[in-house]
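Structure record follows, encoded as structure tokens.
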Amino acid sequence: MLKDIVDSVAEALSESGVDEVYSAFDAIPIDNKSKSFFTTVGISAFESSVPIYTYFMIYLPFKAELEINVTAPKNISMEQLYNYYDEKIQPVVHRLEGLSCSVKKLSLRYDTNVQRLVLCARLSASGMTKFERSSL
């Protein structure tokens with residue numbers, strides 16, 4: 001279920017024109033990722049509620065903490081990185097289908113491992129997944 005949530009967010013970003021979107025669950029080394037902007041989507045916390053049963057379906061409400069990290073190319077200013085997030089990422093997050101998201105924390109750090117700026121957005125997300133009931 002966690003991978004499905006991450007994949008759906010990554011897919012929405014890719015479909016909206018954000019280049020180089022990766023799941024936090026992939027095993028691609030950072031050296032093989034883009035030298036331009038690239039975005040990584042992950043989940044740092046997850047909580048599900050009591051399922052809701054209907055005759056044919058099971059609905060499972062959940063809350064998650066999404067992490068979207070945008071790594072900038074070298075020699076990009078903080079302002080350019082924030083503008084990239086505002087123009088490319090934020091509009092997609094606000095219209096994610098099936099999820100209600102709000103920004104919990106937005107921070108910027110310099111990653112000494114890759115020698116690049118990284119914008120870290122932590123989002124509170126809530127939604128509901130549904131499963132078809134088995135005929136047992």
Side-chain angles (χ1 to χ4, degrees):
M1 185 152 121
L2 298 178
K3 187 173 179 335
D4 293 336
I5 295 168
V6 168
D7 288 346
S8 69
V9 173
E11 184 178 323
L13 289 168
S14 292
E15 288 175 354
S16 294
V18 178
D19 295 327
E20 304 290 336
V21 180
Y22 300 94
S23 164
F25 298 121
D26 72 24
I28 300 170
I30 194 128
D31 293 338
N32 294 354
K33 294 182 179 172
S34 177
K35 300 298 179 201
S36 182
F37 288 99
F38 71 85
T39 304
T40 306
V41 180
I43 293 182
S44 61
F46 182 83
E47 176 185 330
S48 62
S49 300
V50 177
I52 301 165
Y53 296 92
T54 66
Y55 191 71
F56 295 108
M57 302 297 286
I58 299 172
Y59 296 91
L60 184 61
F62 67 87
K63 293 179 184 176
E65 195 168 288
L66 296 174
E67 281 190 9
I68 298 177
N69 295 317
V70 182
T71 303
K74 289 185 178 185
N75 303 319
I76 291 290
S77 71
M78 289 186 288
E79 182 180 5
Q80 290 170 305
L81 181 52
Y82 277 118
N83 286 338
Y84 180 86
Y85 177 82
D86 282 344
E87 293 170 8
K88 297 275 193 170
I89 309 291
Q90 187 178 23
V92 177
V93 168
H94 286 296
R95 64 176 188 267
L96 284 171
E97 191 169 318
L99 284 178
S100 174
C101 293
S102 62
V103 175
K104 185 174 182 179
K105 181 181 179 181
L106 195 62
S107 62
L108 189 68
R109 65 181 170 84
Y110 186 77
D111 189 335
T112 56
N113 293 325
V114 293
Q115 305 292 309
R116 294 161 73 174
L117 284 174
V118 179
L119 185 137
C120 305
R122 232 173 234 210
L123 309 165
S124 293
S126 58
M128 189 172 307
T129 58
K130 62 182 179 178
F131 307 96
E132 202 170 312
R133 287 185 84 157
S134 65
S135 59
L136 295 177

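We number each residue from 1, following the sequence as shown. Below, all heavy atoms of this structure are taken into account, side chains as well, without hydrogens, waters or symmetry copies.
Scanning both residues, L81 and A72, for their nearest heavy atoms gives CD1-CB, 3.9 Å. In this structure, N69 and A121 approach most closely via the heavy-atom pair OD1-N, 4.5 Å.
For the atom pair CG (L119) and CZ (R109), the distance works out to 10.0 Å, reported to the nearest 0.5 Å. Taking CG from L99 and OG from S124, the interatomic distance works out to 11.5 Å, rounded to the nearest 0.5 Å. If you take CG on L13 and CD on E20, they are separated by 13.0 Å, rounding to the nearest 0.5 Å. Between the NZ atom in K130 and the CD1 atom in I52 there is a gap of 13.0 Å [rounded to 0.5 Å]. Considering CG of L60 and CE of M128, their distance stands at 8.5 Å, rounded to 0.5 Å. We find the CD-SG distance between E67 and C120 to be 7.0 Å, quoted to the nearest 0.5 Å.
Between L123 and V93 there is a side-chain heavy-atom pair separated by less than 4.5 Å. Annotation: side chain of T40 is not in contact with side chain of D26 (no heavy-atom distance under 4.5 Å). Residues D19 and S36 form no side-chain contact, since every pair of their non-hydrogen atoms from C-beta on lies 4.5 Å or further apart. Side-chain contact between F62 and S126 is absent, with no heavy-atom pair separated by less than 4.5 Å. Contact check for Y85 versus Q90: side-chain heavy atoms found under the 4.5 Å cut-off. L106 places a side-chain heavy atom less than 4.5 Å from the side chain of Y82. K3 places none of its side-chain heavy atoms less than 4.5 Å from the side chain of S23. Within the 4.5 Å cutoff, the side chain of Y84 has no heavy atoms near those of the I76 side chain.
Tracing side-chain contacts under 4.5 Å through hydrophobic residues (I, L, V, M, F, W, Y), one reaches F37 starting from L108; they form part of the same cluster. Placement of V9 and V118 in two distinct hydrophobic clusters is found when ILVMFWY residues are connected by side-chain heavy-atom separations under 4.5 Å, directly or transitively. When hydrophobic clusters are built by joining Ile, Leu, Val, Met, Phe, Trp and Tyr residues whose side-chain heavy atoms come closer than 4.5 Å, directly or via intermediates, L2 is grouped together with V6. Residues M78 and V70 are members of one and the same hydrophobic cluster, defined by side-chain heavy-atom contacts under 4.5 angstrom among Ile, Leu, Val, Met, Phe, Trp and Tyr. A single hydrophobic cluster is not seen to contain both F46 and V50; linkage of ILVMFWY side chains at heavy-atom distances under 4.5 Å, directly or through other members, places them apart.
Aromatic ring pairs are classed by plane angle as parallel below 30°, tilted from 30° to 60° and perpendicular above 60°; the pair F38 and Y22 is perpendicular.
Using a distance-only test at 3.5 Å, with no hydrogens or angles considered, a donor-acceptor pair links the side chain of R133 to the main chain of T54.
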Determine whether T129 and D4 satisfy the following criterion, side-chain contact (heavy atoms from CB on, under 4.5 Å), listing intermediate values before the conclusion. CA-CA 10 Å; T129 58; D4 293 336; over 6 Å; no

Using the side-chain contact (heavy atoms from CB on, under 4.5 Å) rule, take I89 and T39 through it: C-alpha gap first, then chi angles, then the decisive distance, then the call. CA-CA 9 Å; I89 309 291; T39 304; 3.8 Å; yes

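When the options Y53, Y55, Y59 are evaluated for a side-chain contact (heavy atoms from CB on, under 4.5 Å) with M57, the one that passes is Y59. For the side-chain hydrogen bond (donor to acceptor under 3.5 Å, both in side chains) test with S16, the passing option among K88, E11, R95 is R95; the others fail.
Counting non-hydrogen atoms of neighbouring residues, nucleotides and ligands closer than 6.0 angstrom, the CD atom of E79 reaches no more than 12 such neighbours.
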